[in-house]
Amino acid sequence: MKKETITIALTGNPNSGKTTIFNNLTGTRQHVGNWPGVTVEKKMGTVIHNGHRLQVVDLPGTYSLTAYSIEEIVARRFLVDSKPDVVVDIVDASNLERNLYLATQLIEMGVRLILALNMADVAQARGHEIDADSLGTLLGVPVVFTIGTKNQGMNELLDKVLEVVEDRDTVSRHIHISYGHELEKEIKKIQDVIWKDPSVGERFSTRWLGVKLLENDAAVQDRVRSFGEIGKETLAQAEASRERLAEFYKDDAEMVLTDQRYGFIGGALKEVLKVSAKSKLDLSRQVDLFLTNRILGFPVFIFFIWAMFQLTFTVGAYPMEWIDAAVTWFGAVVTALLPAGLLQDLLVNGIIAGVGSVIIFLPNILILFFCIAVFEDTGYLARAAFIMDRVM
Ligand code: GDP
Ligand code: MG
């Protein structure tokens, strides 16, 4: 049976291009920017593709799916409870190692996943050659290239979504990232306890629950507690397993799990990623090196800030004069029209002069915010923060 509406959840690291792709797909006009927290609210939109109605949800950007930040909790709760039909993990293709960490967690949750290797243009400019087919086979996840800013790859992505939903794609398969003998043994023990109550085992990925319990994940612990008798037994087993592992590895289980995931990613990247010498010639990297240079970075920063204030106050002075003249003129007109007295005083010296003294700064504010927006969207502000961080 075909479902009426297919739900697609967009996940990904912050700044991987989720909102850009969301806007491309749904056509909804929304703000796209780098301010942290912009996507904490849930955004939804619909798109019709090949006669199917797809509902797209832009989840908060996260690096991982632990329960440390509100973004992670929001994203995870949606994935676990709303069970979207397909999860599209938007990956910054020029930063695969860091970005694939989230993918490993999504794979572990057992969601139906598609990887969108976004920023394919940046990856190419840096000389990164990615063998998408091999990556897909290794992860058991279909992979498509996209360039959000050029609206490229969107149809391919939606085609892939339909293929996965209709079980037509040949790449999807459920892989287990192996955590090594000791960890696997403990995960299995926890799973066995959960499976004593098949109604629980069927509702959740028991492997995921097991891993999260080993990570001492408070949100999952709460959930497991709600399973009743089996829940209690599971938590006791998890506690025992954690202790055993801490003794064996002389480290917390979550550290060991993180290491193993990065080990898995590193191994996969060795096979699918080639970085050519061309990357040294990349222009944007050169600019980066200059802007974030230890010594040159400061004068450049001071220059930009100086230029911004110059623009704000010298260019802003002209419209300020016009507004001032207009307000004075308007005050004079009202003075001439009304007889001297309380009302005239209220209008001329109170309201007109009062509002006038505020809107006179409007040009300055507009220019200042325009400059900040330019710094922000070109990515300069992030670099400025990086160099100033040392001083601060
Ligand atoms: P989000 O934080 O994941 O929602 O990311 P955004 O959609 O806000 O994108 C972050 C920045 O990357 C924006 O400045 C986008 O214009 C830019 N961007 C998105 N996709 C691409 C892409 O494929 N190539 C390039 N060069 N830039 C992109
Ligand atoms: Mg966003």
Side-chain angles (χ1 to χ4, degrees), residues 8-45 47 56-65 69-72 74-76 78-79 87-96 98-103 105-106 113-130 132 143-158 160 278-279 281-288 291 370-386:
I8 310 172
L10 302 184
T11 61
N13 288 184
N15 286 320
S16 60
K18 271 190 323 318
T19 304
T20 309
I21 289 183
F22 177 77
N23 290 344
N24 289 347
L25 293 179
T26 62
T28 325
R29 278 174 53 80
Q30 263 167 344
H31 177 71
V32 178
N34 292 356
W35 290 109
V38 165
T39 41
V40 166
E41 74 223 10
K42 186 163 119 186
K43 277 188 259 154
M44 308 233 251
V47 54
V56 190
V57 183
D58 186 16
L59 292 181
T62 59
Y63 295 104
S64 171
L65 284 175
S69 69
I70 184 69
E71 285 82 6
E72 292 184 350
V74 168
R76 203 169 81 174
F78 183 81
L79 295 176
V87 177
V88 176
D89 183 13
I90 315 267
V91 165
D92 173 355
S94 66
N95 243 317
L96 274 183
R98 174 158 54 89
N99 275 253
L100 284 180
Y101 190 76
L102 179 65
Q105 313 228 318
L106 291 164
L113 189 63
I114 294 173
L115 278 192
L117 298 188
N118 194 38
M119 314 239 177
D121 53 335
V122 181
Q124 197 183 20
R126 293 196 184 155
H128 293 200
E129 208 179 289
I130 303 164
V143 178
V144 284
F145 283 108
T146 58
I147 303 176
T149 39
K150 293 187 190 141
N151 206 356
Q152 278 177 22
M154 299 302 130
N155 276 323
E156 289 80 355
L157 180 59
L158 292 177
K160 207 42 104 185
K278 190 181 159 200
S279 61
L281 299 171
D282 180 14
L283 177 68
S284 118
R285 247 204 146 93
Q286 297 290 334
V287 174
D288 249 13
L291 291 180
F370 173 76
C371 290
I372 293 177
V374 169
F375 288 163
E376 174 71 23
D377 281 355
T378 53
Y380 179 67
L381 215 55
R383 282 150 186 88
F386 172 75

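Order of appearance sets the numbers: ligands from 1, and atoms from 1 within every ligand. Hydrogens, waters and symmetry mates play no part in the numbers below; they use all other heavy atoms, side chains included. Note that this is a predicted model, so its numbers are computed, not measured.
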- Message: Tell me the contacting part of Val122 for ligand 1: side chain, backbone, both, or neither, using a 4.0 Å heavy-atom threshold, strictly below.
- Response: side chain
- Item | Proximity to ligand 1 by part of Asp121, non-hydrogen separation under 4.0 Å | side chain
- Hey, does Asp377 sit under 4.0 Å from ligand 1 if you only count heavy atoms?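 No heavy atom of Asp377 comes that close to ligand 1.
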- Is Gly12 near ligand 1, meaning one of its heavy atoms is under 4.0 Å from it? no
- Query: Any side-chain heavy-atom pair from Leu106 and Leu79 closer than 4.5 angstrom?
  - Reply: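 Leu106 vs Leu79: side chains touch.
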Backbone of [Y] reached by a side-chain donor or acceptor of [X] within 3.5 Å:
X      : Y      : result
Asn24  : Gly148 : yes
Asn118 : Ser16  : yes
Asn99  : Val91  : no

Proximal atoms of ligand 1 relative to [X] (non-hydrogen, under 4.0 Å):
X     : value
Ser16 : 3 (O), 5 (O)
Thr19 : 1 (P), 4 (O), 7 (O)
Thr20 : 6 (P), 7 (O), 9 (O), 15 (C), 19 (C)

- Shortest non-hydrogen contact from Leu59 toward Ala75: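 Taking Leu59 first and Ala75 second, the nearest heavy atoms are CD1-O, 4.0 Å.
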- Message: For Ser64 versus Gln105, what's the shortest heavy-atom pair and its separation?
- Response: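 For Ser64 and Gln105, the tightest heavy-atom pair comes out as OG-OE1, 3.2 Å.
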- Task: Could you name the option among Met119, Lys18, Gln152 that has the heavy atom nearest to atom 12 (O) of ligand 1?
- Result: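 Comparing heavy atoms across Met119, Lys18, Gln152, the nearest one to atom 12 (O) of ligand 1 lies in Met119.
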- Task: Output yes when the distance from some N or O of ligand 1 to some N or O of Ala120 is under 3.5 Å, and no in every other case.
- Result: no
- Query: Is the Mg ion (ligand 2) less than 2.8 Å from an N/O/S atom of Thr20, whether that atom is in the backbone or a side chain?
  - Reply: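 No, outside the cut-off.
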- Item | Candidate pair Asn13 and Asp92, rule side chain to side chain contact (heavy atoms under 4.5 Å, CB included), full reasoning | CA-CA 8 Å; Asn13 288 184; Asp92 173 355; over 6 Å; no
